[in-house]
Trainee: 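Please find one structure pasted underneath; my questions will follow.
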Amino acid sequence: MEEFLKLPRYAFTPAAIEHAPEEPGVFALFEGQELVFIGRALDRSLSIRECLLRHQDGAHGACTMAATHYTWEITFSPAWREAQILAGYRARHRDAPRCNRPAA
C-alpha cells in the first residue's frame with residue numbers, strides 16, 4: 001500500500017482526468033490529504049479514465065464527487081490489487097476509506 005500512496009497525485013478536474021489511462025487498473029481518490037476511496041477499473045470498456053469521470057459526475061454519490069485529487073496504477077489484475085490495497089488500509093486504520101464504507 002505504501003508504494004501506491006507514493007504515486008503522483010493529480011487534480012480531480014475534467015482536464016486532468018482526460019490524461020488518465022484508458023486501461024484497467026486501480027485508482028484512489030483523496031480529499032485534501034485524506035484517502036477517501038479505492039476503486040478498480042476492470043477493462044478498457046470501463047477504464048481508469050471512465051471510472052474517474054463517473055465519480056466526478058456524481059454517479060457514485062456525493063462522497064467521491066467531493067474528491068480533490070486522484071492517483072492510479074495500471075494492472076491487469078485490478079480486483080486482486082484493489083483487495084490488496086484495501087487490506088493494507090484496513091490493517092493500518094481498522095476500517096475502509098470513508099467512501100468505501102457501506103451507506104448507513
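Just so we're clear, the structure is a prediction, and the values are computed from it rather than from any experiment.
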Trainee: Donor-acceptor check, side chain of Ser47 to backbone of Pro24, threshold 3.5 angstrom: yes or no?
Mentor: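 Between the backbone of Pro24 and the side chain of Ser47 there is no qualifying donor-acceptor contact (under 3.5 Å).
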
Trainee: When you measure from the side chain of Thr71 to the backbone of Ala28, do you find a donor-acceptor pair of N or O atoms at a distance under 3.5 Å?
Mentor: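 Answer holds: no.
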
Trainee: To the nearest 0.5 angstrom, please state how far the CG atom of Leu7 sits from the CH2 atom of Trp72.
Mentor: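 One finds 8.5 Å between CG of Leu7 and CH2 of Trp72.
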
Trainee: Could you work out, with side-chain hydrogen bond (donor to acceptor under 3.5 Å, both in side chains) as the rule, every residue matching Glu18, not counting sequence neighbours?
Mentor: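 Here no residue qualifies.
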
Trainee: Which heavy atom of Leu35 sits nearest a heavy atom of Phe30, and at what distance?
Mentor: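 Closest approach of Leu35 to Phe30: CA-CD2, 3.6 Å.
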
Trainee: Show me the pairs that pass disulfide bond (SG atoms under 2.5 Å apart) and involve residues 47-88, at least two apart or across chains.
Mentor: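 Every pair satisfying disulfide bond (SG atoms under 2.5 Å apart) with a residue in residues 47-88: Cys63-Cys99.
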
Trainee: Mind checking what makes side-chain hydrogen bond (donor to acceptor under 3.5 Å, both in side chains) contact with Arg81, not counting sequence neighbours?
Mentor: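 Once residues adjacent in sequence are excluded, the partners of Arg81 under the side-chain hydrogen bond (donor to acceptor under 3.5 Å, both in side chains) criterion are Glu73, Gln84.
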
Trainee: Taking all non-hydrogen atoms of both residues, which atom of Asn100 and which atom of Phe37 are closest, and how far apart?
Mentor: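 Closest heavy-atom pair between Asn100 and Phe37: OD1-CA, 3.2 Å.
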
Trainee: Any carboxylate oxygen within less than 4.0 angstrom of a Lys/Arg side-chain nitrogen, looking at Arg54 and Glu50?
Mentor: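 Result for this pair is yes, salt bridge flagged.
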
Trainee: With rounding to the nearest 0.5 angstrom, report the CZ to CD distance, Phe12 to Glu31.
Mentor: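 If we round to the nearest 0.5 Å, Phe12:CZ and Glu31:CD are 11.0 Å apart.
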
Trainee: At their closest point, which heavy atom of Thr75 faces which heavy atom of Val26, and how far apart are they?
Mentor: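 Result for this residue pair: CG2-N, 4.2 Å.
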
Trainee: Looking at the rings of Tyr10 and His69, which for Trp means the six-membered one, are their centres under 6.0 Å apart?
Mentor: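 Aromatic pair excluded; centres sit 6.0 Å or further apart.
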
Trainee: What closest approach, in Å, do Phe27 and Arg40 show between heavy atoms, and which atom pair accounts for it?
Mentor: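 That closest heavy-atom pairing would be CE2-N, 3.6 Å.
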
Trainee: Does Leu29 share a hydrophobic cluster with Ile74, counting links as ILVMFWY side-chain heavy atoms below 4.5 Å and allowing steps through other members?
Mentor: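 Same hydrophobic cluster.
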
Trainee: Which heavy-atom pair separates Pro97 from Leu86 by the least distance, and what is that distance?
Mentor: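 Closest heavy-atom pair between Pro97 and Leu86: CD-CD2, 3.7 Å.
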
Trainee: Is any side-chain N of the basic residue among Arg49 and Glu23 closer than 4.0 Å to the acidic one's carboxylate O?
Mentor: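 So Arg49 does not pair with Glu23 through a salt bridge.
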
Trainee: Between Asp43 (side chain only) and Ser45 (backbone N and O only), is there a donor and an acceptor less than 3.5 Å apart?
Mentor: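 Checked: pair present.
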
Trainee: Nearest 0.5 angstrom please: Glu34 CD to Thr68 OG1, how far?
Mentor: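 Reported value, rounded in 0.5 Å steps: 9.5 Å.
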
Trainee: Which atoms form the tightest heavy-atom contact between Phe76 and Pro78, and what is the distance?
Mentor: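 Smallest heavy-atom distance, with atoms named: C-CD, 3.3 Å.
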
Trainee: Honestly curious: do Val36 and Ile48 fall in one hydrophobic cluster under the side-chain, below-4.5 Å linking rule?
Mentor: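 Yes; Ile48 is reachable from Val36 via cluster members.
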
Trainee: When rounded to the nearest 0.5 angstrom, what is the spacing between CZ in Arg90 and CD1 in Ile85?
Mentor: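 One finds 12.0 Å between CZ of Arg90 and CD1 of Ile85.
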
Trainee: Test side chain to side chain contact (heavy atoms under 4.5 Å, CB included) on Asp57 and Met65 and set out the steps.
Mentor: CA-CA 7 Å; Asp57 288 344; Met65 195 170 128; over 6 Å; no

Trainee: Which is it for Asp95 and Arg101 under the salt bridge (charged side-chain N to carboxylate O under 4.0 Å, His left out) test, yes or no, and what are the steps along the way?
Mentor: CA-CA 8 Å; Asp95 204 351; Arg101 296 176 197 152; 3.1 Å; yes

Trainee: Within 45° of the ring axis of Tyr70 and under 6.0 Å from its six-membered ring centre, is that where the NZ or CZ of Arg9 lies?
Mentor: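 No - Arg9 does not lie over the ring of Tyr70 by the 6.0 Å and 45° rule.
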
